[in-house]
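By convention in this document, chain letters (A, B, ...) are assigned in the order of the sequence lines, proteins followed by strands, and residues within each chain are numbered from 1. In this text the structure is predicted, and so the values were computed from the model without any measurement.
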Amino acid sequence: MLVYNTLTRKKEEFKPINPPNVSMYVCGPTIYDYFHIGNGRTFVMSDIIRRYLIYKGYDVKFVMNLTDVDDKIIRKANEENITSAELTERYEAAFMDDIKKFKMKPADVYPKATNHMQEIENIIEKLENKGIAYNVDGNVFYNVGKFESYGKLSGKNTDDLEVGARIEINQEKQNPLDFSVWKKAKSGEPYWESKWGDGRPGWHIECSAMSMKHLGETIDIHAGGNDLIFPHHENEIAQSEAATGKEFAHYWMHFGFLNIDKQKMSKSLGNFFTARDILNQYPAEALRLLFVQSHYRSPLNFSRELIESAQKGTEKLNNLIRLLLKGIDKVDGSEVEVDYENKYKLFTEAMDDDFNSAKATSVIFDFVREANKLIVENKNLNSEFYQKAVTFLRATAEDVLGIIDFNEFNIDDANTDDSWILEEIEKRNKAKYDRNWKLADEIRNSLADKGFILEDSKNGTSYKMK
RNA sequence: GGCGACGUGGCCAAGUGGCUUAAGGCGCGGGUCUGCAAAACCUGUAUUCAUCGGUUCGAAUCCGAUCGUCGCCUCCA
C-alpha cells in the first residue's frame, strides 16, 4: 500500500511502526463556531482513510483533537459575554452532532487542550532545559534557529521566510520566526498556572502534547488540511522532535481544499456553507460521494449543482440496493457467475494506491451496472446472487466509503404501516386494467405528492420513498 | 519576491511512458421496456488531454518555454 507523504513529497510504502496497530492523529476544529463543509471534507476523508486501514486489517487508534483555547474563542466569548468554556461546550456539542450526521465513525479519543495543561507544560520545560525555548517575562518562545531541520515539512528555509516575513515585529523575540509556546495571560483572558506564571499554551504545542499523550512520541500518521503544513505542522515537528529527540510522525498527510468559484472556502473570506446547513439539505451519502469522487489531495470545487449530481449517483446505488434486498430471501432461482474476486482486487488496488477513492468508486458503479443487468435479464436469480452482491457493497461502498447506508432501508419496512399504499397501488392496477389512465395517473400523482414513487415492472408495481 | 500545486468531453473527475485509438458520476441525443411515466438496460456523445517546441520505436503521461488558475509564506481543514 502506498501513501503520499508530504514530508518526502513522494508516495511511500506504508509500514506501520508496530503492526497491526496504526496510530493516526488528525487536527480537528477550533470549536468556536460551526465547522464549514470544507472542514467537513477533511474530516470525512480522514474517516475514509481510517476505515480503509481497518478494511486492510489494521487496528487503528484514531485521535482527533478539539482546540478549545485560542484567540478566536476568547474574542467570540467576550462578544457574547460568556466564558470561553461555555462557548466551546456549545460548539463541541454541535461538532459531535455534525460528524454524526456525516456518518463518521467516532474517534477513539477527542482530546482537548484544556485537559492537557500538565503535558504541555512538561514539553515546554524540556525545551527550555535544552535551551531551545526561552522565557521573556512570562512569554515563552521557541527558538527556530536551534532546530536545524526547521522547514523540512513545508519545504521552506528560514532565510526565505525572513525575507518574505509578514510576521508582526515582536521585540521580545530573538528571531522574527520564533513562535509562542506559552502566552502570558492578559486581563480578561482565561489562564492556567504554570512555572512561567499565569498564561495559556500556544496553538502548536497543544497538538504535540495531545498526540504524544494518546499515541506515543512517534506515531504513524499525522493528518490535516493543506493550510496546516505551515506553520502548524512544521512547528509541531520542531517542538516535538526537539523535545524527544525522536521522529514525531512517519507519514504526514494533507487534504486539498474545498473551493468555491476556484477560491478556498474559508471563514475569513466569508464564502462558506456550514456543514450542518448542507447536511440538512442533502444526505450524508451524497456529500461523501462527492468527496470520494475526487482525490483527497486535489482541490475540489463545491456547488449545489455538483452535490445534486452526486446525489443522483447515490440514488442509482440505492435503487439497486432496494432490488437486492427484495431478492435476498428467495429460495429458488438460477445461478449466475459474478467474478467478485476481481472486483475486490480492483477496489483494493485503487485504494492501495494512495487512497484513490475515485477509481475505487468506479469499481462500485461498474458493478451496479452489471448487477442491474443481471437482474433484468434473469428475473429469477437465486438468493446467493443477492447475498453476495449485498456483501460486496457492504464491505466496500458502505464500510469503507460510506456512500450507502443499508440501515436507511430496513427502518422503513419495519416501522411504517404501508398497507394503505398497497391499497392505492391495487386501485391503480385496477384502473390500469380498465384502461382508465386518467384515474391511474391521479393515484400515482397523489402518492408522489406524499413522497412515494411508483415503479412498474414485469414483476408488478413497487414503491420507494422519494 | 520565495516555495508548491494544477490546466483531461457540456459539468465534475480518474489516468502520469505501450494493458487506455482516455475509467467512473452527472447531463444531453437515439433505442429497448411501459398505456404514459419512472427505474433499469443498450447505444451515441474528447482522433483528443491549455499552447508551442523537444526527448522516445512509442507521450495526456518525461523535458523546456509560453499562457492561465489556485494555494502557502499571517489565524485557517
Side-chain angles (χ1 to χ4, degrees), chain A residues 6 9 26-30 35-46 67 70-72 75 151 154-157 159-168 177 203 223-232 234 254-259 262-269 272 289-290 292-295 297-303 305-306 308-317 319-320 322-323 346 350 353 356-366 368-377 431-432 435-437 440-441 444-445 448 453-458 461-464:
Chain A
T6 306
R9 314 255 160 184
V26 179
C27 286
T30 300
F35 69 84
H36 62 62
I37 190 74
N39 303 313
R41 183 194 187 190
T42 289
F43 303 152
V44 167
M45 290 314 292
S46 68
T67 297
D70 162 89
D71 290 342
K72 291 189 294 279
R75 197 186 322 129
S154 55
K156 299 179 189 306
N157 65 59
D159 294 342
D160 291 341
L161 283 167
E162 279 176 42
V163 172
R166 280 190 272 165
I167 301 161
E168 59 183 302
L177 297 178
W203 176 39
N226 225 303
D227 47 0
L228 295 186
I229 295 174
F230 190 91
H232 186 54
E234 193 69 65
H254 293 96
F255 301 96
F257 295 129
L258 199 63
N259 292 156
K262 302 217 165 182
Q263 276 208 310
K264 176 184 173 182
M265 181 185 288
S266 74
K267 285 271 164 67
S268 41
L269 287 170
F272 65 91
L289 179 61
L290 174 67
V292 116
Q293 278 185 305
S294 68
H295 191 88
R297 283 189 280 118
S298 308
L300 170 63
N301 225 13
F302 181 82
S303 69
E305 191 191 355
L306 290 175
E308 277 156 21
S309 77
Q311 193 178 357
K312 294 269 175 61
T314 61
E315 280 165 18
K316 186 180 214 169
L317 292 165
N319 282 332
L320 174 64
R322 278 188 205 94
L323 287 177
L346 291 173
D353 182 14
N356 190 336
S357 56
K359 200 173 188 178
T361 305
S362 76
V363 177
I364 307 290
F365 278 99
D366 283 338
V368 171
R369 191 185 313 108
E370 184 180 345
N372 272 321
K373 196 173 171 182
L374 286 168
I375 293 169
V376 171
E377 284 173 359
K432 280 171 68 177
R435 309 194 136 263
N436 184 349
W437 311 129
D441 288 350
R444 183 169 63 197
N445 291 337
I453 309 292
L454 297 191
E455 292 183 349
D456 294 333
S457 75
K458 284 172 195 143
T461 300
S462 60
Y463 72 91
K464 66 178 183 186

Separation between the [atom1] atoms of [N] and [M], rounded to whole Å:
{"N": "B:U16", "M": "B:C26", "atom1": "P", "result": "24 Å"}
{"N": "B:U47", "M": "B:C41", "atom1": "C1'", "result": "29 Å"}
{"N": "B:U61", "M": "B:G17", "atom1": "P", "result": "11 Å"}
{"N": "B:C12", "M": "B:C28", "atom1": "C1'", "result": "15 Å"}
{"N": "B:A37", "M": "B:G44", "atom1": "P", "result": "23 Å"}
{"N": "B:U43", "M": "B:C57", "atom1": "C1'", "result": "37 Å"}
{"N": "B:U66", "M": "B:G7", "atom1": "C1'", "result": "14 Å"}
{"N": "B:C73", "M": "B:U8", "atom1": "P", "result": "26 Å"}

Touch check for [X], heavy atoms < 4.0 angstrom, all strands: base, sugar-phosphate only, or nothing?
{"X": "A:Gly40", "value": "nothing"}
{"X": "A:Ile229", "value": "nothing"}
{"X": "A:Phe257", "value": "base"}
{"X": "A:Gly155", "value": "sugar-phosphate"}
{"X": "A:Lys312", "value": "sugar-phosphate"}

Interatomic distance, [X] [atom1] vs [N] [atom2] [rounded to whole Å]:
{"X": "A:Leu258", "N": "B:A5", "atom1": "CG", "atom2": "P", "result": "21 Å"}
{"X": "A:Leu346", "N": "B:G15", "atom1": "CG", "atom2": "P", "result": "15 Å"}
{"X": "A:Gln263", "N": "B:C70", "atom1": "CD", "atom2": "C1'", "result": "9 Å"}
{"X": "A:Phe230", "N": "B:A5", "atom1": "CZ", "atom2": "P", "result": "18 Å"}
{"X": "A:Asn226", "N": "B:C75", "atom1": "CG", "atom2": "C1'", "result": "16 Å"}
{"X": "A:Leu177", "N": "B:C3", "atom1": "CG", "atom2": "C1'", "result": "14 Å"}
{"X": "A:Glu377", "N": "B:C42", "atom1": "CD", "atom2": "P", "result": "8 Å"}
{"X": "A:Asp353", "N": "B:A23", "atom1": "CG", "atom2": "P", "result": "19 Å"}

Should A:Arg9 be listed as having a side-chain N or O under 4.0 Å from OP1 or OP2 of B:A5?
-> no
Under 4.0 angstrom between A:Asn372 side-chain N/O and B:C41 OP1 or OP2 | yes
Footprint string (nucleotides 31-39 of chain B, 5' to 3'): B base within contact, S backbone only, - free, heavy atoms under 4.0 Å | ----BBBBS
Determine, for nucleotides 9-14 of chain B in 5'-to-3' order, which nucleotides have protein heavy atoms under 4.0 Å from the base (write B), from only the sugar-phosphate (write S), or from neither (write -).
-> ---SSS
With rounding to the nearest 0.5 Å, note down the distance linking [atom1] in [X] to [atom2] in [Y].
{"X": "A:Asn39", "Y": "A:Lys267", "atom1": "CG", "atom2": "NZ", "result": "6.0 Å"}
{"X": "A:Leu290", "Y": "A:Leu258", "atom1": "CG", "atom2": "CG", "result": "7.5 Å"}
{"X": "A:Phe302", "Y": "A:His36", "atom1": "CZ", "atom2": "NE2", "result": "11.0 Å"}
{"X": "A:Ile364", "Y": "A:Lys359", "atom1": "CD1", "atom2": "NZ", "result": "14.0 Å"}

Do [X] and [Y] have side chains that approach each other closer than 4.5 Å (heavy atoms only, starting at C-beta)?
{"X": "A:Phe365", "Y": "A:Leu317", "value": "yes"}
{"X": "A:Leu323", "Y": "A:Asn372", "value": "yes"}
{"X": "A:Lys264", "Y": "A:Asn226", "value": "no"}

Test item: A:Arg41 side-chain N/O and A:Gly256 main-chain N/O as donor-acceptor pair under 3.5 Å | yes
Heavy-atom closest pair, residues [X] and [Y]:
{"X": "A:Thr361", "Y": "A:Ser357", "answer": "OG1-O, 2.6 Å"}
{"X": "A:Ser266", "Y": "A:Phe272", "answer": "O-CD2, 3.6 Å"}
{"X": "A:Asn356", "Y": "A:His295", "answer": "CA-ND1, 4.2 Å"}
{"X": "A:Thr6", "Y": "A:Ile229", "answer": "CG2-CD1, 4.0 Å"}
{"X": "A:His232", "Y": "A:Cys27", "answer": "NE2-SG, 3.7 Å"}
{"X": "A:Ala350", "Y": "A:Ala360", "answer": "CB-N, 3.6 Å"}

Stems for RNA chain B (at least 3 consecutive Watson-Crick or G-U pairs, under 3.5 Å) come to B:1-7 with B:67-73, B:10-12 with B:24-26, B:27-32 with B:40-45, B:50-54 with B:62-66
Distance-only donor-acceptor test, A:Lys373 side-chain atoms vs B:C42 base atoms, 3.5 Å = no
Walking RNA chain B from its 5' end, the first of A:Cys27 and A:Lys264 to be reached, judged by nearest nucleotide, is A:Lys264
Nearest-nucleotide check on RNA chain B, A:Ser266 vs A:Ser362; residue mapping nearer the 5' end is A:Ser362
If you check the A:Pro231 side chain, which of B:A77, B:A40, B:U74 turns out closest?
-> B:U74
Listed nucleotide nearest any side-chain atom of A:Lys72, set B:A77, B:C75, B:G24 | B:C75
